[in-house]
Amino acid sequence: MRAFVVDSFTDSAFHGNPAGVVLLDAPAEVAWMQSVAAELRHSETAFVVLGGPADEPKPLRWFTPTTEVPLCGHATLAAAHVLGGDQRFDTRSGVLTCTAQADGLIEMDFPIDLAEPVKPPEALAAGLPGTTIQETAQGATKVLALLASAAEVRAVRPDFAMLADVPSRGVIVTAPGDRPGIDFVSRVFVPQVGVPEDPVTGSAHCTLAAWWAAKLQRDTHGTTFVGEQASPRGGTVQMALRGNRVGLRGRAVTVLRGDLLA
């Protein structure tokens, strides 16, 4: 079995979000895939089955070091990059189409996630000490917290033990962008699934794109945004709204390839 490590949502190695990619000839046991993901220790590892008909979407699943997840952007980008760009994947979130762009970007067609305003969970403020939470919304899997400024997003030092008590699969903190060409900044914390901070999170931008479109009153078909995920590794995600779908665009760099022996 061939295995890769790919840095996603970046055009330079050792930035963006590293993902494992494992290419399979046939479906594998869940316990084995979970063990491989725990061994690789990336925020997600993608497992792609190549043995089906050429004109059918390839089965794709994603695992963190501790659990399977229903949607992952950066590992999907990594898998498409390894396989040449243009791909269709059959996943728990439906068929996801990836298209290579002329400028080297790969665009992924993902479902949009509409976050609704909610009362802040009790553990949220305790898990984000020193911050000013101005608004809170709940998406399909993550709580979104609007902070006072991009500087506050960059500076936050989470209490991961407290954030793990937030009744959600993760927490997004966000604020308006603070430099030209960036519409908003964000960071994503997912201690609930064994990932304290996810460096660049494609699935979170399905939530952020829709939420910021309404916030900035730019929620029209074809509207584009650029988000910066301000983790220590950092990365950018380009987004294009299309009704109930969002195109997520990014680049990727392969940093390791080899054979998986176990």
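Residue numbers start at 1 and run along the sequence shown.
- Atom CZ of Arg251 sits about 5.0 Å away from atom CG of Asp103, to the nearest 0.5 Å.
- Heavy atoms only, all atoms of each residue included: Ala137 and Ala115 are closest at CB-CB, 3.8 Å.
- Shortest non-hydrogen contact noted between Ile106 and Cys98 is CG2-CB, 4.1 Å.
- Taking the side chain as every heavy atom from C-beta outward, Thr99 and Gln101 approach each other to under 4.5 Å.
- Under the 4.5 Å side-chain criterion, counting only non-hydrogen atoms from C-beta, Val5 is in contact with His42.
- With hydrogens and angles ignored, the 3.5 Å screen pairs a side-chain donor or acceptor of Gln229 with a backbone N or O of Asp198.
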Should Asp113 and Lys142 be marked as a salt bridge (Lys or Arg N to Asp or Glu O under 4.0 Å) after you check the CA-CA gap, both sets of side-chain angles, and the distance that decides it?
CA-CA 10 Å; Asp113 178 24; Lys142 295 177 179 66; over 6 Å; no
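- The aromatic rings of Phe160 and Phe189 sit perpendicular, their planes meeting at an angle over 60°, well past the 30° parallel limit.
- Clustering ILVMFWY residues whenever any of their side-chain heavy atoms sit less than 4.5 angstrom apart, transitively, puts Leu60 in the very cluster that holds Leu50.
- By the neighbour-count criterion of 12 heavy atoms within 6.0 Å, atom CZ of Arg41 is sparsely surrounded, having that number or fewer from other residues, nucleotides or ligands.
- Residues Arg154 and Asp178 meet the side-chain proximity criterion, which asks for heavy atoms closer than 4.5 Å.
- In this structure, the separation between CG on Asn17 and NE2 on His74 is 3.5 Å, given to the nearest 0.5 Å.
- The hydrophobic clustering, which links ILVMFWY residues whose side-chain heavy atoms are closer than 4.5 Å, places Val36 and Leu23 apart.
- Both Met108 and Val6 belong to a common hydrophobic cluster when Ile, Leu, Val, Met, Phe, Trp and Tyr are linked at side-chain heavy-atom distances under 4.5 angstrom.
- With rounding to the nearest 0.5 Å, the separation of CD in Gln138 from NZ in Lys119 is 15.0 Å.
- Annotation for Arg218: atom CZ counts as buried by contact number, over 12 foreign heavy atoms lying within 6.0 Å.
- Judged purely by atom type and a 3.5 angstrom limit, Arg157 uses its side chain to pair as donor or acceptor with the backbone of Ala155.
- Other residues, nucleotides and ligands place more than 12 heavy atoms under 6.0 Å from the CD atom of Glu56.
- Contact detail for Phe9 and Leu77: the closest heavy-atom pair is N-CD2, 3.6 Å.
- In this structure, a donor-acceptor pair under 3.5 Å is present between the side chains of Thr254 and His81.
- Under the 4.5 Å side-chain contact rule for hydrophobic residues, Leu114 and Leu216 share a cluster.
- Residues Pro18 and Asp7 have side chains in contact (heavy-atom distance under 4.5 Å, counting atoms from C-beta outward).
- Of all the heavy atoms in Ala175 and Leu147, the pair that sits closest is CB-O, 3.9 Å.
- With hydrogens and angles ignored, the 3.5 Å screen pairs no side-chain donor or acceptor of Thr10 with any backbone N or O of His15.
- Between the side chain of Arg249 and the main chain of Gln238, no donor-acceptor pair closer than 3.5 Å is present.
- Not one N or O on the side chain of Ser203 forms a donor-acceptor pair closer than 3.5 Å with the backbone of Cys72.
- Considering all non-hydrogen atoms of both residues, Cys206 and Val246 come closest at SG-CG1, 3.9 Å.
- The backbone N or O of Val153 lies less than 3.5 Å from a partner atom in the side chain of Arg187, making a donor-acceptor pair.
- Neither side chain, Thr174 nor Trp211, offers a donor N or O lying under 3.5 Å from an acceptor on the other.
- Here the straight-line distance linking atom OG1 of Thr136 with atom CD1 of Ile172 works out to 12.0 Å at 0.5 Å rounding.
- Between Leu163 and Leu128 the shortest side-chain heavy-atom distance falls below 4.5 Å.
- The CG atom of Leu40 lies 12.0 Å from the OG1 atom of Thr64; values are rounded to the nearest 0.5 Å.
- Side-chain contact, Thr91 with Trp62: no donor N or O sits under 3.5 Å from an acceptor N or O.
- With hydrogens and angles disregarded, no donor-acceptor distance shorter than 3.5 Å links the side chain of Asp259 to the backbone of Leu261.
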Between Arg169 and Val69, is a side chain to side chain contact (heavy atoms under 4.5 Å, CB included) present by the stated rule, with each step listed?
CA-CA 9 Å; Arg169 192 177 281 268; Val69 294; 3.9 Å; yes
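- The minimum heavy-atom distance linking Ala79 with Val48 is given by the pair CB-CG2, 3.9 Å.
- Using a 4.5 Å cut-off on side-chain heavy atoms (C-beta onward), Val21 and Leu83 make no contact.
- Taking the side chain as every heavy atom from C-beta outward, Phe63 and Val30 approach each other to under 4.5 Å.
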Given the rule in the side chain to side chain contact (heavy atoms under 4.5 Å, CB included) test, do His205 and Phe184 qualify, once you have shown the distances and angles that lead to the verdict?
CA-CA 11 Å; His205 284 78; Phe184 57 83; 3.9 Å; yes
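- Put simply, the side chain of Gln192 never gets that close to the backbone of Pro167: no donor and acceptor are under 3.5 Å apart.
- The environment of CD in Gln134 is crowded: more than 12 heavy-atom neighbours from other residues, nucleotides or ligands sit within 6.0 Å.
- Environment of CD in Glu39: sparse, with no more than 12 heavy atoms of neighbouring residues, nucleotides or ligands closer than 6.0 Å.
- For the pair Gln34 (side chain) and Pro65 (backbone), a donor-acceptor distance under 3.5 Å is present.
- Tracing side-chain contacts under 4.5 Å through hydrophobic residues (I, L, V, M, F, W, Y), one reaches Val156 starting from Val185; they form part of the same cluster.
- The CZ atom of Phe47 sits 11.5 Å away from atom CD of Glu44, with the distance rounded to the nearest 0.5 Å.
- Counting non-hydrogen atoms of neighbouring residues, nucleotides and ligands closer than 6.0 angstrom, the CZ atom of Arg92 exceeds 12 such neighbours.
- Checking side-chain atoms of Ser186 against main-chain N and O of Val173 turns up no donor-acceptor pair under 3.5 Å.
- Proximity of Leu96 to Leu71: side-chain heavy atoms (C-beta onward) are separated by under 4.5 Å at one or more points.
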